[in-house]
Amino acid sequence: MLNIVVLISGGGSNLQALIDACKTEQLPINIKAVVSNRAAALGLERASKAQLDCAVVDHKKFSSRAVFDQALCDTIDPYQPDFIVLAGFMRMLTPLFINHYACRILNIHPSRLPAYKGLNTHQRVLDDGESKHGASVHVVTEALDDGPVILQSELNVLANETQSTLAQRILQTEHIILPLALRWLAEKRLFIRSNGQVEFDAHLLTEPIQMQF
Ligand code: GAR
């Protein structure tokens, strides 16, 4: 069993996908706790319903990002997680946090990294007239949305697509690739080495594993 702590800020549909996969697909992970930086996050309701430990660390109550990150570490550490999963966690983390859990933080990001780092990815993809879009599960390093990509979804942007339809379709792919990456980690098919390199089935991963939708 892989012990994880999930960090959220909002709806928590990716968290729900993990909760559901544990129940229906025997995903071998143990969600030790869910931590949100927003008390009103819908994801906290999902966590409570699943009887998971929940905590709120409200970033507005801290004087700096570093002090907030220390409070996050203090909240997470008692759970002794193997991995931290950022599932729609919308705060930038400082090196203090990232180094504390070096090579043990995964993020789900709504683009085919390294394309479209940052925010508003769906609208930017539409504005640029891209024909393809997707989502990425990657290892978190100090630079934003920049760590090694493990697994990526890819789908065709439709002719009549809006920001909202695209976001919805991408989210559905996220609900597949995030549990899958965690399954591979839990089943020891995927390893993140201490130098940040990713190995899949004993092969160094130089390109992300792609899933077409
Ligand atoms: C997801 O689309 C996730 O990829 C994105 O926020 C959404 C959260 O949805 N994350 C980021 O943009 C991180 N930079 P959810 O709360 O329903 O899981």
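One is the number of the first residue; the rest follow in order along the sequence. Note that ligands are numbered from 1 as they come in the structure, with each ligand's atoms numbered from 1 the same way.
Every atom of ligand 1 is numbered from 1 in the order shown, and the set under 4.0 Å from a heavy atom of I108 is 3 (C), 4 (O), 10 (N). Atoms of ligand 1 found under 4.0 Å from any heavy atom of M90 (numbered from 1 in listed order, with element): 10 (N), 11 (C), 12 (O), 13 (C). Counting the atoms of ligand 1 from 1 in the order shown, those under 4.0 Å from a heavy atom of G88 are 6 (O), 8 (C), 10 (N).
In terms of protein heavy-atom proximity, atom 14 (N) of ligand 1 is closest to H109 ND1, 3.7 Å. Of the protein's non-hydrogen atoms, the one nearest atom 5 (C) of ligand 1 is P110 CD, 3.9 Å. Scanning the protein heavy atoms around atom 1 (C) of ligand 1, the nearest turns out to be E174 OE1, 3.1 Å.
Of the candidates S9, S13, S136, the one placing a heavy atom closest to atom 15 (P) of ligand 1 is S13.
Contacts of L171 with ligand 1, taken as heavy-atom pairs under 4.0 Å, involve the side chain alone.
In this structure, I8 does not count as a contact residue of ligand 1, since none of its heavy atoms falls inside 4.0 Å of the ligand. Ligand 1 has at least one atom lying under 4.0 Å from a heavy atom of G12.
Summarising the hydrophobic clusters (Ile, Leu, Val, Met, Phe, Trp, Tyr; side-chain heavy atoms under 4.5 Å, direct or chained), the residues clustered with F89 are V5, L7, V35, V57, F62, V67, F68, L72, I76, Y79, I84, L86, L93, F97, I98, Y101, I105, V140.
A salt bridge is absent between E130 and R124; no separation between the charged side-chain nitrogens and carboxylate oxygens falls under 4.0 Å.
Residue H100 is tested with D77, T94, D69 for a side-chain hydrogen bond (donor to acceptor under 3.5 Å, both in side chains); the sole match is D77.
Sequence neighbours left out, the pairs with a member in residues 132-147 that pass salt bridge (charged side-chain N to carboxylate O under 4.0 Å, His left out) are K117-D146, K132-E154.
Under the 6.0 Å distance and 45° angle rule, R112 does not count as a cation-pi partner of Y116.
Without hydrogens or angle criteria, S36 side chain to R38 main chain gives a donor-acceptor distance under 3.5 Å.
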Stepwise side-chain contact (heavy atoms from CB on, under 4.5 Å) test for S111 and H133 | CA-CA 6 Å; S111 80; H133 189 26; 4.1 Å; yes
